[in-house]
2 protein chains.
Amino acid sequence: MSENPLTQLGSTLTAIEQMPLRIQIADMLRRAIVSGNLRPGSLLVETALAAQMNVSRAPIREAIQILENDGLIESIAYKGKRVKPLTQREIEETYSLRVVFEVMAARRILEMNKPVDALWIHCRAMATAADNNDRDALTTADEAFHRTLIGLADHDLMLTSWNSLYLRIHQIMALRNVAQLNLAEIAGNHPPIVHALENGDVDKVINLISKHTRSIADLDAAKIAEMNL
Amino acid sequence: MSENPLTQLGSTLTAIEQMPLRIQIADMLRRAIVSGNLRPGSLLVETALAAQMNVSRAPIREAIQILENDGLIESIAYKGKRVKPLTQREIEETYSLRVVFEVMAARRILEMNKPVDALWIHCRAMATAADNNDRDALTTADEAFHRTLIGLADHDLMLTSWNSLYLRIHQIMALRNVAQLNLAEIAGNHPPIVHALENGDVDKVINLISKHTRSIADLDAAKIAEMNL
DNA sequence: GATTTATAAGTTGTCGACAATATACAATAT
DNA sequence: ATATTGTATATTGTCGACAACTTATAAATC
C-alpha cells in the first residue's frame with residue numbers, strides 16, 4: 001500500500017473525482033445556492049440539468065433529494081423543484097434556532113468545564129480582519145468561531161442540525177448587503193462571549209449571544225424582505 | 001399505474017396508494033424501523049427489497065435516501081445500508097435535544113402569552129390511560145402532549161427537527177422494556193409543567209422538563225446498553 | 001365573447017439492463 | 001502453514017426509455 005507521495009496526491013484528487021456523481025452534483029448545486037449564484041425561486045428541471053451536465057437523470061434526482069434534505073430546495077408538483085424562497089419568517093427562525101443551539105452549547109461547555117481557548121484564536125482573526133477591512137476573512141473567522149463553539153459542546157446531533165442551519169445562513173449572507181455591516185462591531189461582539197464563558201456566567205453568555213444574533217438577524221430579515229424573494 | 005404492487009403487502013390506506021412508490025416504501029420501512037420490527041443493524045439491500053416488494057430498485061433507492069435523511073438508516077460502503085445502531089450516546093443526545101427544543105418552545109409560548117389550554121386535554125388523557133393501565137393510550141397521549149407543546153411555539157424549523165427527533169424516540173421506545181415504566185408517575189409529571197407555564201414560571205418549567213426527560217432517558221439508555229445494539 | 005373540450009408539451013415516476021467496484025472464497029505458489 | 005493471486009459473487013452507480021400525470025394551449029361550441 002506504500003507508494004510514492006506523488007501517487008498519494010493523485011489518489012486524493014481522483015478520490016474526489018470518483019465520488020458518486022450525485023455527491024459531486026449535490027456539492028456543485030449546493031455551492032451555487034449558498035453562494036447566491038442560484039437565487040431563491042430558481043427552477044431546477046431534471047432533464048435540463050442532466051443535459052447541461054452530460055449525465056443521466058438518476059444522479060440529478062438523487063442530488064436534488066440531498067439538497068431537499070438540506071432544506072435548500074423544495075418540490076413544486078409537476079413543475080419541477082426550485083430553490084426555496086427565503087421568507088422573513090424563515091430567516092428569523094434560522095437565527096433563533098442558532099441562538100438556541102449556541103446557548104445549549106455554552107451550557108454544556110460550562111457543565112463539562114471545557115477550556116475555550118480555541119475561541120480566542122478566531123476572535124483574534126476577526127479583529128485582524130476588521131482592522132484590514134477584509135470582509136471575507138471576517139466571515140470565515142466568524143463561522144470558525146461559531147463552529148468551534150458548537151463543536152466544543154460535543155453533541156453530534158446538534159452539530160448535524162447546526163450544519164444544516166448554517167447552509168441557510170450562508171445563503172442569507174450571500175444575498176445580504178454586506179456594506180451595512182460594521183466589521184469592527186461584529187468583531188467586538190465575540191470576545192465578551194468568551195470572557196463570560198471563562199467566568200462561568202451563563203446568563204451573560206445567553207444575553208450576549210442573543211443580542212449579537214438578533215441585530216444581525218434583523219438586518220438580514222429587513223434586507224431579504226426588501227428584495228421580495 | 002393501474003395496479004399497485006404494494007397492495008399485497010397490506011397497505012390499506014387508500015390515500016397513500018396514489019402517492020409515489022418511494023413515499024409508500026419509505027413510510028412502510030419507517031414504520032418497520034420505529035416499531036422495532038426492523039432492528040438496529042439490519043441490512044437493507046436494494047435488490048432484495050425490490051424483489052420482495054415487486055418494484056424496481058429506483059423507488060427503493062429513493063425511499064432509503066429518505067430514511068437516511070430521517071437519520072434512521074446509515075450507509076455502509078459496498079455492503080449496503082443498515083438500520084442505524086442505537087448507541088447510549090445517541091439516546092442521550094436525542095433526549096437532551098428534545099429538552100432544549102421543549103424549553104425553547106416554553107420560552108416562546110410565554111413570550112407570546114399563548115394560552116396552553118390544549119395541553120390539559122392531553123394531561124387528562126394521560127391520567128385516564130394511567131388509571132386504565134393502558135400503555136398504548138398513555139404513549140399516544142404523551143406524544144400528543146409534547147407535539148402540542150412544540151406546535152404552540154409556532155416555529156416551523158424547530159418542528160421539523162423535532163419530528164425527526166421523535167422518530168428516533170419512537171424507535172427507542174419500541175425497544176425498551178415498557179414494564180419498568182410507572183404509568184401513574186409519567187402521567188403525573190405533566191400537569192405541573194402546564195401549571196408552571198400558566199404561571200409564567202420559566203425556571204420551574206425548565207426544571208420540570210429537564211428532570212422528567214432525564215429520568216426516562218436514563219432508563220432507556222441503560223436498557224439499550226444492556227441490549228448491546 | 002365566454003366556456004367547455006380536445007390536443008400538445010413538459011415534467012416527474014418507474015423500469016430493466018449494464019458497468020464498476022469491493023468483498024469473499026478458493027486455488028496456487030512459496 | 002502462510003501469503004498471494006485469481007475468480008466468482010454481491011452490491012451499488014448510472015443509463016436510456018417509456019408511462020403517467022399535470023399544465024398550458026388551441027379549437028370548438030354555445
Output yes when B/K84 and B/E74 qualify as a salt bridge under the 4.0 Å nitrogen-oxygen rule, no when they do not.
-> no

Return the value, rounded to whole Å, for the distance between atom CD1 of A/I23 and atom P of D/dT12.
-> 15 Å

Distance, rounded to the nearest Å, where A/L44 contributes CG and C/dT11 contributes P | 12 Å

Hey, are B/Y95 and B/D218 close enough side-chain-wise for a donor-acceptor pair under 3.5 Å?
-> no

Just how far, in rounded Å, is C1' of C/dG13 from CZ of A/R57?
-> 8 Å

Would you call A/D154-A/R108 a salt bridge at under 4.0 Å N-O?
-> no

Specify the separation, in whole Å, of atom CZ of B/R22 and atom C1' of C/dC15.
-> 15 Å

In whole Å, what is the span from the CG atom of A/L43 to the C1' atom of C/dT11?
-> 10 Å

Among D/dC15, C/dT11, C/dT14, find the nucleotide with the atom closest to the side chain of B/P20.
-> C/dT14

Does one side chain, of B/H190 or B/D142, offer a donor that lies under 3.5 Å from an acceptor on the other?
-> yes

Of the candidates C/dG16, D/dC15, C/dT12, the side chain of B/S56 sits closest to C/dG16

Between B/L49 (CG) and C/dT14 (C1'), how many Å, whole number?
-> 16 Å

Classify the nucleic acid contact of B/R61 as base, sugar-phosphate or nothing, counting any heavy atom under 4.0 Å across all strands shown.
-> base

For the pair made of CZ in A/R82 and P in C/dT11, what is the distance, rounded to whole Å?
-> 15 Å

According to the Watson-Crick and G-U wobble definitions, with both distances under 3.5 Å, which nucleotide is paired to C/dT30?
-> D/dA1

Which nucleotide, C/dT12, D/dT14, C/dT14, lies nearest any side-chain atom of A/E46?
-> C/dT12

Grab the CD-C1' distance between B/Q65 and C/dT14 for me, whole Å please.
-> 16 Å

